[in-house]
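Remarks on the structure that follows.
Lettering follows sequence order; numbering is per chain, from 1.
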2 protein chains.
Amino acid sequence: MSGAPIRVLVADDQRTVRDGLTMLVGLIEGVEVVGAACDGVEAVELAQTERPDVVLMDLRMPRMKGAEATRRIRAELPDTQVLVLTTYADDESLFPALQAGARGYLTKDASAEEIEQAIRALIAGETHLDPIVQQRLVAAVLDTKPILDAPTQSLPNDLTPREAEVLKLIAGGLSNAEIAEALVVSPATVKTHVNRIFYKIGARDRAQAVRYAYQHGIA
Amino acid sequence: MSGAPIRVLVADDQRTVRDGLTMLVGLIEGVEVVGAACDGVEAVELAQTERPDVVLMDLRMPRMKGAEATRRIRAELPDTQVLVLTTYADDESLFPALQAGARGYLTKDASAEEIEQAIRALIAGETHLDPIVQQRLVAAVLDTKPILDAPTQSLPNDLTPREAEVLKLIAGGLSNAEIAEALVVSPATVKTHVNRIFYKIGARDRAQAVRYAYQHGIA
DNA sequence: CTCGCCCTCAACCCACGGGTTGACACCGCG
DNA sequence: CGCGGTGTCAACCCGTGGGTTGAGGGCGAG
């Protein structure tokens, strides 16, 4: 399995990132960088002339967004796979990119080995997504899929109903005063609840409480 | 990072698979198999007494299905992650397992290295899914999420790399002083970053910043 | 080279948050 | 009936966080 080299095209508007990626990917054994585009239009053009196996695609680029470039490449070159390599994995970037036909999605935190693994996975016809992306997909699917069972959505901690309510509002970014107003109680009451919540979930401040809420599916 | 060993519990009804897994996983450096259950009921019981870091869970087991066992374990032991290791990745197995709180999903085709990677990913709080599962999730999401890409999907973000780094730590529940220590800068610098982040993402305090981070996939 | 962005740091102010103690009313339960 | 859990509220203290201003160095782009 070491025949022709894997041909890779790099597309990123930031010069340092583009050059760094070209260098990094070129060092991978059996991989050859056949071009570097600095925007979406150029990426599509280079893809058509070079017919690479994989395109490393940034999403935020001038002239043409990475998602649109991905769509065109996938439409015209079915054998060319697109590996998105971008800074953030927010829904507004993620879903259009997947919709456009990207089979891989990594953030720029990825190591060289991860990029290599992803490239090889795409060549093998697999999908390779950043763990965060996987997490978001799971969340999105569970959102839309009906709740198959789960009779009593048991709260992990022995938070009282009122405390759980307060925790949700904390996770919503509300201040103590705002929570008091929302629940029609005195600010002092809220403070009491908040302190008990912190004690129970092992949080030191609101920030940790928000983190806890999101990690435990309360928000 | 080579402190206490990772404690793993194996749950599978087939004796050869169970023993083989126990052997295989026990050979991984820094991993210790603390128990082997032959059905779902035993898996929950052993999880409660042993409090493992990761449970390798088969889905088709007598007495109690793996999905239900996963749900109970996740409800009572938030720090214990479940890695499903099953024969097939059909939707009828997959979605209930994810719904139940499994953070990892591999088929029994997986190599020892893949299992090791998955275990370490779960320990790190990440999600690790088989490429086929990733593919199915993408398909499921694109099914339910019609093309919703915004035409002028522009960037509300604009965070500098350093700011993004700080935001991640904020989302991790760290105080300014702790962030300063982690990044080896002065607390004053951290405060500057924090203020700029708040301005850019429209947050009023850390709690709202944590919320933002989780909702945008930064954490 | 110069401009602007990014990162760095310092000093100040004060409001809000976090911790503690103590109190009272309601309600279900044994 | 008395007890414990829950929800409510108040006073206090003080630390951290949040906002502002100001300033200097590095580095890439024009």
Per-nucleotide protein contact string for nucleotides 22-30 of chain C, where B marks a base within reach and S marks sugar-phosphate only (heavy atoms under 4.0 Å, - for neither): ---------
For [N] and [X] - does any side-chain N or O of the residue sit under 4.0 Å from the phosphate oxygens OP1/OP2?
X: B:Ser186; N: C:dT8; value: no
X: B:Arg206; N: D:dG18; value: yes
X: B:Arg162; N: C:dC5; value: no
X: B:Thr160; N: C:dC5; value: no
X: B:Asn195; N: D:dG18; value: no
X: A:Arg15; N: D:dG28; value: no
X: A:Thr189; N: D:dC9; value: yes

Distance-only polar pair, side chains of B:Glu126 and A:Gln135, donor-acceptor under 3.5 Å: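 No - no donor-acceptor pair under 3.5 Å links their side chains.
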Check: B:Thr127/A:Gln134 side-chain N/O donor and acceptor closer than 3.5 Å: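 Side chains of B:Thr127 and A:Gln134: no pair found under 3.5 Å.
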Closest to side chain of A:His193, choosing from C:dG17, C:dC7, D:dG7: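 So the nucleotide nearest the side chain must be D:dG7.
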Selection from C:dC9, D:dT8, C:dG18 that lies nearest to any side-chain heavy atom of A:Phe198: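 So the nucleotide nearest the side chain must be C:dG18.
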Global bending angle along the helix from C:dC1-D:dG30 to C:dG30-D:dC1, which compares the axes of five pairs at either end, to 10 degrees: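 For the helix from C:dC1-D:dG30 to C:dG30-D:dC1, the axes at either end differ by 50°.
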CZ (B:Arg204) with more than 12 external heavy atoms under 6.0 Å: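 Above 12, so yes.
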In whole Å, I'd like the distance from the [atom1] atom of [X] to the [atom2] atom of [N].
X: B:Glu181; N: C:dT8; atom1: CD; atom2: P; result: 16 Å
X: A:Gln208; N: C:dG19; atom1: CD; atom2: C1'; result: 15 Å
X: B:Leu183; N: C:dC6; atom1: CG; atom2: C1'; result: 15 Å
X: A:Leu167; N: D:dG7; atom1: CG; atom2: P; result: 13 Å
X: A:Tyr199; N: C:dT21; atom1: OH; atom2: P; result: 13 Å
X: B:Ile197; N: D:dG18; atom1: CD1; atom2: P; result: 11 Å
X: A:Lys191; N: C:dT21; atom1: NZ; atom2: C1'; result: 13 Å
X: B:Lys200; N: C:dC5; atom1: NZ; atom2: P; result: 10 Å

Results of side chain to side chain donor-acceptor pair (under 3.5 Å) for B:Arg120 - residues two or more places apart only: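 In terms of side chain to side chain donor-acceptor pair (under 3.5 Å), with neighbours along the sequence ignored, B:Arg120 is linked to B:Glu116.
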Contacts of type side chain to side chain donor-acceptor pair (under 3.5 Å), residue A:Asp205, not counting sequence neighbours: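 If we apply the side chain to side chain donor-acceptor pair (under 3.5 Å) test to A:Asp205, skipping adjacent residues, there are no hits.
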Whichever of B:Asp205 and A:Pro161 has its nearest DNA chain D nucleotide further upstream toward 5':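 The residue closer to the strand's 5' end, by nearest nucleotide, is A:Pro161.
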Qualifying salt bridge (charged side-chain N to carboxylate O under 4.0 Å, His left out) pairs, either residue in residues 28-45 of chain B, two or more places apart: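 Pairs touching residues 28-45 of chain B that pass the test: B:Asp39-B:Arg63.
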A:Val194/A:Asn176 under side-chain contact (heavy atoms from CB on, under 4.5 Å): CA gap, chis, key distance, verdict: CA-CA 8 Å; A:Val194 168; A:Asn176 286 339; 3.7 Å; yes
Backbone of B:Ile6 reached by a side-chain donor or acceptor of B:Asp53 within 3.5 Å: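 Pair absent, no side-chain N/O of B:Asp53 close to backbone of B:Ile6.
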Flag, side chain of B:Thr80 to backbone of B:Val54, donor-acceptor distance under 3.5 Å: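 Flag not set: sc B:Thr80 to bb B:Val54 has no pair under 3.5 Å.
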For residues 179-187 of chain A, run the donor-acceptor check on the side chains, cut-off 3.5 Å, and write out each pair with its distance to 0.1 Å, sequence neighbours left out.
unit_1: A:Ser186; atom_1: OG; unit_2: A:Ala188; atom_2: N; d: 2.9

